[in-house]
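Residue numbers start at 1 and run along the sequence shown. Reckoned from all heavy atoms, side chains included, excluding hydrogens, waters and symmetry mates.
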Amino acid sequence: MSDDPQPKQPAPGRAHRDAGPPSPDPAGTGAVAEPGTGTGTGTAGKPKRPKRTGWRRLVPTWRMTLGGLVVAAVLIVGGFFLGYSLVRIPAANALATKESNVYLYADGTVLAREGKVNRESVALAKISEDAQHAVLAAEDRDFYTESAVDPQAMIRAAWNTATGKGKQSGSTITQQYVKNYYLAQEQTVTRKVKEFFISIKLDHEKSKADILEGYLNTSFFGRNAYGIQAAAQAYYGMDAADLDAARGAYLASLLNAPSEYDVVAHPQNRSAAEARWNYVLDGMVDKGWLSAAERAGMKFPMPKESTVSTGLSGQRGYLVGIVNDYLTEQGIVDSEDLDRGGYRITTTLQKKKQDAFVKAVDDQLMSQLDQKNRKVDTYVRAGGASIDPKTGKVVAMYNGIDYVKQYTPNATRRDFQVGSTFKPFVLAAAVEHGARTQDGRPVTPGTVYDGSSERPVQGWTGAPYAPENEDHTDYGDITVREATDKSVNAVYAQMAVDVGPSRVKETAVALGLPSDTPEMPEGPAIALGTATASVLDMTEAYATLANHGRHGTYTMVEKVVKDGDEELRLPARKVKQAVSREAADTTTSVLRGVVQNGTATAAQSAGRPAAGKTGTAEKDKAAWFAGYTPDLVTVVAVMGQDPVTAAQQPLYGAMGLPRMNGGGAPAEIWGQYTRDALAGKPVSDFDLDVQAGAYATQAPSSTEPSGDPGTGDTGDTGSATPSGRETGDRSPDENDDATPSGEGTGTGTGTGTGPSATGGPSTEPGADSGGTGETDPGNGDVDPGGGDTGDGSADPSATAGQVTGGPGQ
């Protein structure tokens, strides 16, 4: 045994730190000895895993893959629940809630649309099933069976597009509705994320039917049409409820490319539009919504070249404004709510009559103007209104040449005098109140008046009033009927005093004029039409005459529906007997003569029994004709207004005529319109119940000269009641303030042959011939205010022909 020191043995299980590399295997067994052990079995420790080198280092291990998937799943699920809890269904965006107000004629055709956004929301039940199915075939065929978000639909849409099988949106209808109704249209990740979560929530909170209805009402179809109802009107002039499969499929095609597939605006794209249309129809067949036989027989439904305008040009803007005023004034709709839109308003206006009115004005007036060579023709304006007298419904109106050129509606403005169209109200008041003349005769159509121009009105205690007749014509003794035919101012001014101006005004208001109508004085001038009522006001009043004295305020609206389903309650129309049938019918009987042989013979062109009255404003600034048949009441006015300053202007020389009067263009317009508006309707005659004695002449009492020319004695045929005592049905405050006996003088020429007066002679200077100075005051002796017979003594200071014994005027 060697005395050399032995090497120190390493601790068990631990290799010597200084051990060298493993010894080679001398026997060739392939075993490698561990350093320091002398053996090759390697049993002293676990072998290390070889390191990954090269490209293998880039491939994740299965452990890494599994771990990553677990983490991703946790993040996705957590993110979903987090997003679902954080994202809430917002309020609808501003664009989605905006709607237009839709105005319809009485027959349901569109009159106008008002609002920047052309949308009219309707319930799903008011959209045809064919149209619903067409949209589903175009955009989301599995809508009723799929979830709100369908990844398969997105993949299928991409595949169909790539293989040329047609385009179909990758988003479900629910997603598209969310984008339209709740979100903006920008293409951002944030919007997409919100759309995803809102769609899922919405699918749980709303039914499929509600979502489809919302989608159909918010989608854009081109032609400024939002929603399928607006689109149906814009492309085919019909309601969504009436769409068939062919038209519904075309509208559904537009959803994919609204501008490109409008074959009217882009005829070069018709082949593409038809291909899309066929794709939609084929989808309807595949889903069983359309039979193959029906599909085979369909032809492409070309949309209209020009559909109903949604603008406010022409008459539309006027009518919309007037209807809106009516709705707010009647308390049907608040003005702010009306501004928000969403109302479907069916008016009483009838399209046939409306068109006829416009044509009549164009034919009889506008086409006769020469605005280049006659400056006065640039002043011409026209207004008109037409009412069914039995129902009070306004069936047509004319307001101006074009709302975008002349904004003031001529049918409702209250700034032009109505002229002699007011005179029938005086006659109606006289009959209604049993008025009597100054000499005690009942006022009837046959009552004789002095129709001399500038004749001083008798019995009027206000400022002296002596109106002139047109062209200063003196008519002498003339009946009320004849005075109406010829529109004699002198007669009607006197009649207004006989009945009492306040009662004339009361009757006019009862017939239909607003109580606050400007320039309606309680004096004799009221009879000449100084009032500035509107054309529509006058139509309402004349409708009361045509309806035998029964008055009901006019109506302009048949039905109002809010947001497609809420029908608003309209106020009940109240009708009352404004004046007796006798008063109204007697007036009508007189106005028939105006058309038959008076100033309005041009109205005979209507070809029907008619009554009416012409009128001319002061200085020819307006000319009127108010007329009616038993079935239709229409008032037409031609007005003069400077287009720059808006000042009223005379119409002398307009249309190349010396003057404008109611028997000209207004009556001619009335005749053509009435003929066309009532075409096809049986001709009916007036059924009148007139005043007793209406056709008998009520002449002034005859007198015979007697007495000394200088004494002023009167005849002895009877006694007359003084002014204010026996004057029919006049109010005391209108006639009782006459000058007492002996304090006034009655003027006359002295023959005593003029009309008698209650309480005093009523002849005026120059009215009669002779010079005896004697006057018969009606029944012989004069009651000088206190009821006793006066002595008839002459006033020494009076000139020849002046006598005492009655109030002087």
Side-chain angles (χ1 to χ4, degrees), residues 96 98-105 107-139 173 176-177 180 209 212-266 273-274 276-277 280-281 284 289-290 294 298-311 316 341-346 351 559 561-565:
K98 286 185 178 180
E99 294 184 55
S100 59
N101 290 323
V102 181
Y103 301 80
L104 309 174
Y105 286 108
D107 64 0
T109 58
V110 175
L111 165 63
R113 297 176 188 272
E114 182 188 34
K116 294 181 179 179
V117 176
N118 179 24
R119 176 189 287 117
E120 180 188 355
S121 296
V122 293
L124 189 63
K126 294 184 178 180
I127 303 171
S128 71
E129 287 191 355
D130 281 338
Q132 295 179 42
H133 293 151
V135 170
L136 294 177
E139 298 298 314
I173 277 181
Q176 293 182 57
Y177 171 54
N180 293 340
L212 180 59
E213 177 183 305
Y215 174 72
L216 291 172
N217 281 315
T218 55
S219 296
F220 181 62
F221 290 81
R223 292 195 184 184
N224 193 36
Y226 289 84
I228 196 166
Q229 170 65 17
Q233 287 290 344
Y235 287 91
Y236 294 109
M238 62 173 56
D239 289 333
D242 300 324
L243 291 170
D244 55 18
R247 292 180 176 88
Y250 176 70
L251 294 183
S253 302
L254 293 170
L255 292 169
N256 191 255
S259 297
E260 296 300 319
Y261 288 163
D262 185 342
V263 295
V264 173
H266 302 287
E274 288 194 21
R276 178 67 176 171
W277 176 73
V280 173
L281 290 176
M284 294 177 69
W289 295 326
L290 182 67
E294 290 177 305
M298 286 185 180
K299 295 182 179 180
F300 183 75
M302 190 69 180
K304 290 186 176 182
E305 178 77 24
S306 177
T307 58
V308 177
S309 173
T310 60
R316 289 184 291 271
Y343 290 92
R344 185 178 179 87
I345 302 156
T346 304
K351 191 174 189 307
K559 185 178 181 181
V561 177
K562 169 65 174 172
D563 293 333
D565 56 4

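One finds the CD atom of E294 at 10.5 Å from the CG atom of L281 (value rounded to the nearest 0.5 Å). From L254, atom CG reaches atom CD of E260 across 11.5 Å, with rounding to the nearest 0.5 Å. For the atom pair S100 OG and N118 CG, the distance stands at 5.0 Å (nearest 0.5 Å). One finds the CD atom of E120 at 12.5 Å from the CD1 atom of I228 (value rounded to the nearest 0.5 Å). Note that the CZ atom of F221 and the CG atom of L255 stand 4.0 Å from one another [nearest 0.5 Å]. From Y215, atom OH reaches atom CD of Q176 across 4.0 Å, with rounding to the nearest 0.5 Å.
At a threshold of 4.0 Å, the pair R316-E114 does not count as salt-bridged, since none of the basic side-chain nitrogens sits closer than that to a carboxylate oxygen. In this structure, K126 does not pair ionically with D242, as no charged nitrogen and carboxylate oxygen lie closer than 4.0 Å.
Across N101 and G342, no two heavy atoms sit closer than the pair OD1-N, 3.2 Å. Looking at every heavy atom in both residues, T346 comes nearest to Y105 through CG2-O, 3.7 Å. Here the closest non-hydrogen pair linking D262 and Y250 is CA-OH, 3.4 Å. When every heavy atom of A137 is checked against every heavy atom of V280, the shortest pair comes out as CB-O, 3.5 Å. Counting all heavy atoms, side chain and backbone alike, L124 lies closest to Q132 at O-NE2, 3.3 Å. The minimum heavy-atom distance between M298 and A245, with the atom names listed, is CE-CB, 3.4 Å.
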Item to complete: Would you please test I127 and L212 for side chain to side chain contact (heavy atoms under 4.5 Å, CB included) and show each step?
Response: CA-CA 11 Å; I127 303 171; L212 180 59; over 6 Å; no
#### Entry: Intermediate values then yes/no, side chain to side chain contact (heavy atoms under 4.5 Å, CB included), Y235 and V264
CA-CA 10 Å; Y235 287 91; V264 173; over 6 Å; no
Checklist line | Test log, rule side chain to side chain contact (heavy atoms under 4.5 Å, CB included), inputs I173 and L136 | finding: CA-CA 8 Å; I173 277 181; L136 294 177; 3.5 Å; yes
Evaluate the criterion side chain to side chain contact (heavy atoms under 4.5 Å, CB included) for residue pair Y343 and V102; output intermediate values, then yes/no. CA-CA 6 Å; Y343 290 92; V102 181; over 6 Å; no
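A distance-only check finds no donor-acceptor pair linking the side chain of W277 to the backbone of P301 [under 3.5 Å]. No donor-acceptor pair under 3.5 Å is formed between the side chain of S253 and the backbone N or O of A273. For R276 (side chain) and A138 (main-chain N/O), a donor-acceptor pair under 3.5 Å exists by modelled atom type. Side-chain atoms of S128 come within 3.5 Å of backbone N or O of L243 as a donor-acceptor pair. Between the R223 side chain and the A234 main chain, a donor and an acceptor come within less than 3.5 Å of each other.
Between the side chains of T109 and D107, at least one donor N or O lies within less than 3.5 Å of an accepting N or O. Side chain to side chain, N217 and Q229 fail the donor-acceptor criterion of an N or O pair below 3.5 Å.
Inter-residue side-chain proximity for Y261 and N256 is flagged as met; some heavy-atom pair is nearer than 4.5 Å. In this structure the side chain of R113 reaches within 4.5 angstrom of the side chain of Q233, judged on heavy atoms. Contact annotation: the side chain of S219 never approaches that of Y226 to less than 4.5 Å [non-hydrogen atoms, C-beta and beyond].
The aromatic rings of H133 and W289 lie parallel to each other, with less than 30° between the two planes, well short of the 60° mark.
Residue K562 places its NZ atom among more than 12 non-hydrogen atoms of other residues, nucleotides or ligands, all under 6.0 Å distant.
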